[in-house]
Number of protein chains: 2
Amino acid sequence: MQLKKVTKLRQGKEKPWYDDACGLAHALDLVGERWALLVLRELMFGPRRFSEMKADLPGISANVLAQRLAELEARGLVRKTRLPPPASVQVYEATQWGLEAAPVIGSLGKWAARSPQHDPTLPISHVSVMMSLQTMVDPALAQGINARLGFRFGEASYAAILHGGRLDVERGEVGSCDVLFTAKPAELAAVIYGGAPLETIDVKGDMELAKRFTTLFPLPPKAE
Amino acid sequence: MQLKKVTKLRQGKEKPWYDDACGLAHALDLVGERWALLVLRELMFGPRRFSEMKADLPGISANVLAQRLAELEARGLVRKTRLPPPASVQVYEATQWGLEAAPVIGSLGKWAARSPQHDPTLPISHVSVMMSLQTMVDPALAQGINARLGFRFGEASYAAILHGGRLDVERGEVGSCDVLFTAKPAELAAVIYGGAPLETIDVKGDMELAKRFTTLFPLPPKAE
DNA sequence: CCGTATCCAATAAGATACTG
DNA sequence: CAGTATCTTATTGGATACGG
């Protein structure tokens, strides 16, 4: 074979899949491919390395992950950078515009949670749990509570601030907080959404607050 | 061939494509296939017939449209019904839950409108234009205006009420209104979003109001 | 560790023709 | 009109092996 098969990448003047000027069609051209939105989600709390993402997206192949990242980069949703020394490691991060997809992703997830066929026993990544907490917190129930929460999932950890009915999440060191949860993502989800007893996970700090925290995330009623 | 090839349809115990309990992954299992969300969009203002939809989704094949409708139906997002006599014609309509995807679709579209690569010259369906108007109206700019707008796109027509900064859209007879727009969807879009002169389309009624109406839909700033 | 190259199998989609 | 049947082609994705 002497013809170098040009990598597909649909870059530059990509022709849209959908001949439709509407924003939705364009959105699908941007992130409508298999895995694309899940890849973007993994970047929502900050830069990640290739293999971290691969590990957290069960079933994705290196091939596909690489291609999706390249496409998202070509479209201006993701940037490839190098962490500042001494880390000096190569990572992917979402651009500003990419980050703005967060509420959209959140509302998609919230909408889908009404599905009768939703199976909550599947594995789940730590980014997913944290995004879901941020999305699903009920402002009315959370009103008036001020607290700092910490979350540890093996390697990854998050700090969250509950304030004014909202939950602001950041990845990074837990720091000082009122409650610290340590668990696997799926275990935490089981406690928050599945009604599993709080004792099934490791909780440190204000147990009263922890208990109350778990009640702030009501599931929407199932459709059908 | 004696083995009836069972149609694919992934029904009943469909195994999810993504092994991920997060809502987003499930959303993608529900409507992540090519064309699915566009098909659902076409149902957002009421029941449609198969060939109408095929005509308004440029490039879709009967094959794919039929399959997507069947899948959406199996998942509880779409219902196949018959219009009451004397029409007695077979149509598809979104279920309640399906309709609730409207804001999600809207925000996806709004987010994508920031894309530098968005090409607004492509064809556009009447449902798309009306959804985009509903989504993109700026509540601050529209505050204080009360008006009834009519829209005619060949066969289809819509009535919209601008009130309290919101635009409520319904498909159906135009009825009495303050302004009546008659145009092709893309022409209307060109006037509202592309700054084309109002004279390029047919407008009847309060021209002052019509002029003002066209200024209520600012495009978000482009990313990058 | 971070990907790329290659190959192969599965599938999805377009075209077209056809039926109740 | 509302699809289904059939065929062919184009994509896609998974697996594996390999290079910087």
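Both backbone and side-chain heavy atoms feed into the values below; hydrogens, waters and symmetry mates do not. What you see is a predicted model, and the numbers here were worked out from it, not measured in a lab. Throughout, protein chains are lettered first and strands after them, A, B, ... in sequence-line order, and every chain is numbered starting at 1.
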Tell me the interatomic distance from B/E71, atom CD, to C/dT11, atom C1', rounded to whole angstroms.
12 Å
Would you say B/R49 places a side-chain N or O within less than 4.0 Å of OP1 or OP2 belonging to D/dC1?
no
Is A/E52 salt-bridged to A/R49, going by a charged N under 4.0 Å from an acidic O?
no
Report, as a single string ordered 5' to 3', how protein heavy atoms within less than 4.0 Å touch nucleotides 13-20 of chain C: B base, S sugar-phosphate only, - not at all.
SBB-----
May I ask you to say what B/K80 touches in the nucleic acid, namely base, sugar-phosphate or nothing, with a heavy-atom cut-off under 4.0 Å?
sugar-phosphate
Verdict with supporting geometry, B/M130 and B/Q134, side-chain contact (heavy atoms from CB on, under 4.5 Å)
CA-CA 6 Å; B/M130 295 312 297; B/Q134 198 169 51; over 6 Å; no
Just how far, in rounded Å, is P of D/dG3 from CG of B/L65?
8 Å
Centroid-centroid distance, A/F181 to A/F213, less than 6.0 Å:
yes
Using a strict threshold of under 4.0 Å (side-chain N to carboxylate O), is an ion pair present between A/D56 and A/R48?
yes
For A/S125 and A/E42: C-alpha separation, side-chain torsions, deciding distance, then whether side-chain hydrogen bond (donor to acceptor under 3.5 Å, both in side chains) applies.
CA-CA 8 Å; A/S125 82; A/E42 287 300 314; 2.9 Å; yes
Can you measure B/L69 atom CG to D/dA2 atom P for me and round it to whole angstrom units?
12 Å
With sequence neighbours excluded, residues passing salt bridge (Lys or Arg N to Asp or Glu O under 4.0 Å) with B/E73
none
Given atom CE of A/M53 and atom C1' of C/dC1, what is their separation to the nearest angstrom?
16 Å
What is the distance from CD of B/Q90 to C1' of D/dT4, rounded to the nearest Å?
14 Å
Without decimals, in angstroms, what is the distance between B/R82 CZ and D/dA2 C1'?
11 Å
